[in-house]
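The structure appears right after this line, and notes come after that.
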Amino acid sequence: MMTTPCSELIQEYFHTGTLANLPTQLYINGQWQAAEGDAKLAIDDPSSAKTFTHVSAAQVSDVELAISAANQAFKQVWKPAKGSARAAILNKAAALLEQKADLFSVVEALDSGKPLAEAQGDVSSAIATLRYYAGSADKLEGNSYPLGQGNFSFSSKEPCGVTAHIIPWNFPLSTTIRGVAPALAAGCTAVVKPAETTPLTALMMADIFHAAGLPDGVYNVIPGLGKEAGAALVNHKDVHHITFTGSVATGIGVMQAAAKNINSVTLELGGKSPILALADCDLEKTAEGVLWAIFYNAGQICSAGSRLVVDKSIHKALVALIVEKTKQLTPAHALENPNYGAINSAQQLNKIDGFIKRAKERGIQTACGGHKLETKSGGWFYAPTIMDDVPMDDELVQEEIFGPVLTVQVVDGLDEAIEAANCTNFALAAGVYSQNIDQALAAAQGIDSGQVTVNNYWAGGIEVPFGGNKHSGIGREKGLVALDNYCTTKAITLAF
Ligand code: ADP
């Protein structure tokens with residue numbers, strides 16, 4: 001397969017204002033097709049605020065077609081397929097994506113506004129995810145049950161059917177593959193509804209899966225509005241599991257829709273994840289960890305470390321060090337590969353700015369940033385921001401901002417640190433920085449969250465289960481446990 005290197009693609013984009021051969025239509029039953037009535041979404045480059053392409057916006061009738069195709073494919077080809085055959089296709093898809101990694105990275109950076117190196121990391125993670133679940137496809141074993149003489153009882157894992165995948169705009173490709181790879185490995189078919197602003201790489205995966213030999217109808221992509229295409233998908237009676245990543249408010253609606261059809265859901269919702277800097281932490285290592293926990297992808301990550309819970313004995317020194325490091329962040333167009341990227345939309349930029357303006361009015365102290373940024377490329381940028389010594393009941397502590405804003409809470413000792421960590425409705429991720437293993441483990445045990453990392457905020461990988469408690473969600477993705485989202489257990493008992 002001929003591949004075009006990043007440098008040529010970047011040149012093409014800066015020269016023409018777009019890229020050739022981007023997908024523009026829906027992908028249903030192995031075919032590219034326009035939406036009913038030719039409705040379209042404008043796709044913007046957040047680094048320049050300019051529209052660079054348009055994509056069809058699925059209507060209710062298009063969603064119906066996609067679900068019907070996924071249902072047929074489930075019954076006729078994908079459920080009956082051997083696990084090893086599914087594995088071969090997923091492995092082939094990983095290899096093909098690897099060959100096209102440059103193209104996918106450039107498109108992802110362009111569409112989301114994240115720096116090219118971050119997009120390259122997302123593509124690598126999607127490749128690893130495809131391989132990980134390919135390895136599981138022929139190992140979905142059941143059990144046997146000891147009923148005694150005259151009986152024989154065993155169970156098998158069966159795919160649950162058509163699965164819906166509702167994707168957010170912050171990790172468009174890796175979130176798609178995080179749900180679709182285990183679903184396909186288990187024998188389910190998929191209908192993917194990407195976010196309005198970032199549908200391109202999920203659509204491009206259609207060509208990869210097709211070339212890898214995936215039968216028509218197993219992977220369908222219907223970009224469109226959440227309230228139209230998304231709602232039609234999650235309310236449909238022929239969908240049997242919904243994997244949703246997005247806001248709490250929308251997640252509640254998705255769960256209500258699922259309840260009407262008694263469908264299971266995996267919800268990965270918001271976060272306000274704390275990083276505990278205990279009195280004995282290594283200051284340099286902690287500052288570096290906090291910097292990237294909040295400013296990677298300009299803070300647009302559900303599991304971003306958005307609250308620094310710091311012991312009062314090191315508060316001033318640690319904040320000064322993080323502020324110092326923050327000055328090294330230089331925003332620029334995503335394809336210039338800066339160390340700090342754009343905000344995905346004007347709407348999100350204004351939402352972030354609103355939080356900070358209100359905080360300033362309440363007299364909260366700004367340690368750095370706190371305003372929109374002008375850059376050479378134009379676009380939607382917000383200064384990396386640190387808000388210092390914020391009270392526990394403040395909106396900056398309690399609400400998810402989903403942007404580059406670190407909120408600092410000052411505490412006295414481990415017990416107060418744990419109390420502060422658990423003071424919100426969210427419970428997604430947490431980090432602990434300490435050189436004392438007993439203190440670190442006590443903190444990890446005391447924090448209510450789906451995952452805790454110690455002395456390296458982003459530690460982990462596809463092997464490690466991921467998800468939240470409280471308003472951060474239900475269920476786990478990643479790891480082998482995610483396969484359970486897409487399987488039902490059938491017990492068969494014989495008497496003789
Ligand atoms: P955000 O506010 O960050 O855009 P949302 O939770 O609204 O987060 O969006 C996440 C995903 O959910 C997007 O793909 C969006 O289109 C989709 N979505 C929005 N509203 C609905 C809905 N009512 N039903 C199903 N999906 C929806």
Side-chain angles (χ1 to χ4, degrees), residues 26 35 39-44 46 55-60 62-64 66-67 111-114 162-180 190-203 220-236 239 241-261 263 265-272 297-304 306 343-352 354-355 380 399-403 426 428 468 471-474 477:
L26 318 177
K40 284 194 167 45
L41 301 167
I43 307 301
D44 299 334
V55 163
S56 282
Q59 307 298 296
V60 174
D62 301 308
V63 177
E64 193 70 47
I67 295 171
D111 204 2
S112 67
K114 66 177 68 188
V162 176
T163 59
H165 302 259
I166 309 275
I167 311 299
W169 43 259
N170 57 338
F171 288 91
L173 177 68
S174 54
T175 311
T176 300
I177 298 303
R178 183 173 85 182
V180 166
V191 180
V192 177
K193 210 300 280 172
E196 286 83 342
T197 57
T198 54
L200 295 175
T201 47
L203 284 165
N220 307 276
V221 191
I222 47 153
L225 299 180
K227 286 194 166 63
E228 290 175 8
L233 181 58
V234 299
N235 278 285
H236 202 285
V239 166
H241 180 83
I242 302 165
T243 297
F244 170 85
T245 306
S247 63
V248 179
T250 308
I252 290 171
V254 167
M255 200 167 173
Q256 283 166 338
K260 282 194 293 195
N261 296 310
N263 274 334
V265 291
T266 308
L267 302 179
E268 205 256 276
L269 307 177
K272 193 77 192 178
N297 201 12
Q300 300 160 104
I301 309 183
C302 318
S303 53
S306 52
I343 303 301
N344 185 251
S345 65
Q347 189 191 0
Q348 186 61 19
L349 183 70
N350 289 331
K351 187 177 155 200
I352 297 164
F355 271 106
W380 303 306
E399 300 291 323
E400 183 178 46
I401 298 172
F402 219 73
F426 297 105
L428 185 55
H471 286 198
S472 289
I474 283 190
E477 296 195 77

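These figures come from a predicted structure and were not determined experimentally. Ligands are counted one by one from 1 in listed order, and the atoms in each one are counted from 1 as well.
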Does Gln300 use its side chain to pair, donor to acceptor, with the backbone of Asn297 at less than 3.5 Å?
yes
Compare every heavy atom of Glu477 with every heavy atom of Thr243, then report the nearest pair and how far apart it is.
CG2-OE1, 3.5 Å
Within reach of ligand 1, part of Pro194 (heavy-atom separation under 4.0 Å):
backbone
Looking only at non-hydrogen atoms, which of Ser345, Ser247, Gly226 approaches atom 23 (N) of ligand 1 most closely?
Gly226
Ligand 1 versus Ile167, non-hydrogen atoms closer than 4.0 Å: side chain, backbone, both, neither?
backbone
State the atoms of ligand 1, each with its element, that fall below the 4.0 Å cut-off from a heavy-atom position in Gly230.
24 (N), 25 (C), 26 (N)
For atom 26 (N) of ligand 1, decide whether some protein heavy-atom distance is shorter than 4.0 Å.
yes
Take every heavy atom of Ala231, measure it against each atom of ligand 1, and state whether any distance is under 4.0 Å.
yes
Identify which one of Ile222, Val63, Val239 satisfies the side chain to side chain contact (heavy atoms under 4.5 Å, CB included) criterion when paired with Val191.
Ile222
Report the part of Phe402 in contact with ligand 1, treating N, CA, C, O as backbone and CB onward as side chain, heavy atoms under 4.0 Å; options are side chain, backbone, both, neither.
neither
Sub-3.5 Å donor-acceptor pair from the side chain of Asp62 to the main-chain atoms of Ala35, do we have one?
no
Is there a donor-acceptor pair under 3.5 Å between the side chain of Glu228 and the backbone N or O of Gly226?
no
Thr245-ligand 1 polar pair, N/O distance under 3.5 Å:
no
Under the ring-ring contact (aromatic ring centres under 6.0 Å, His included) test, residues paired with His241 that sit two or more places apart:
Tyr486
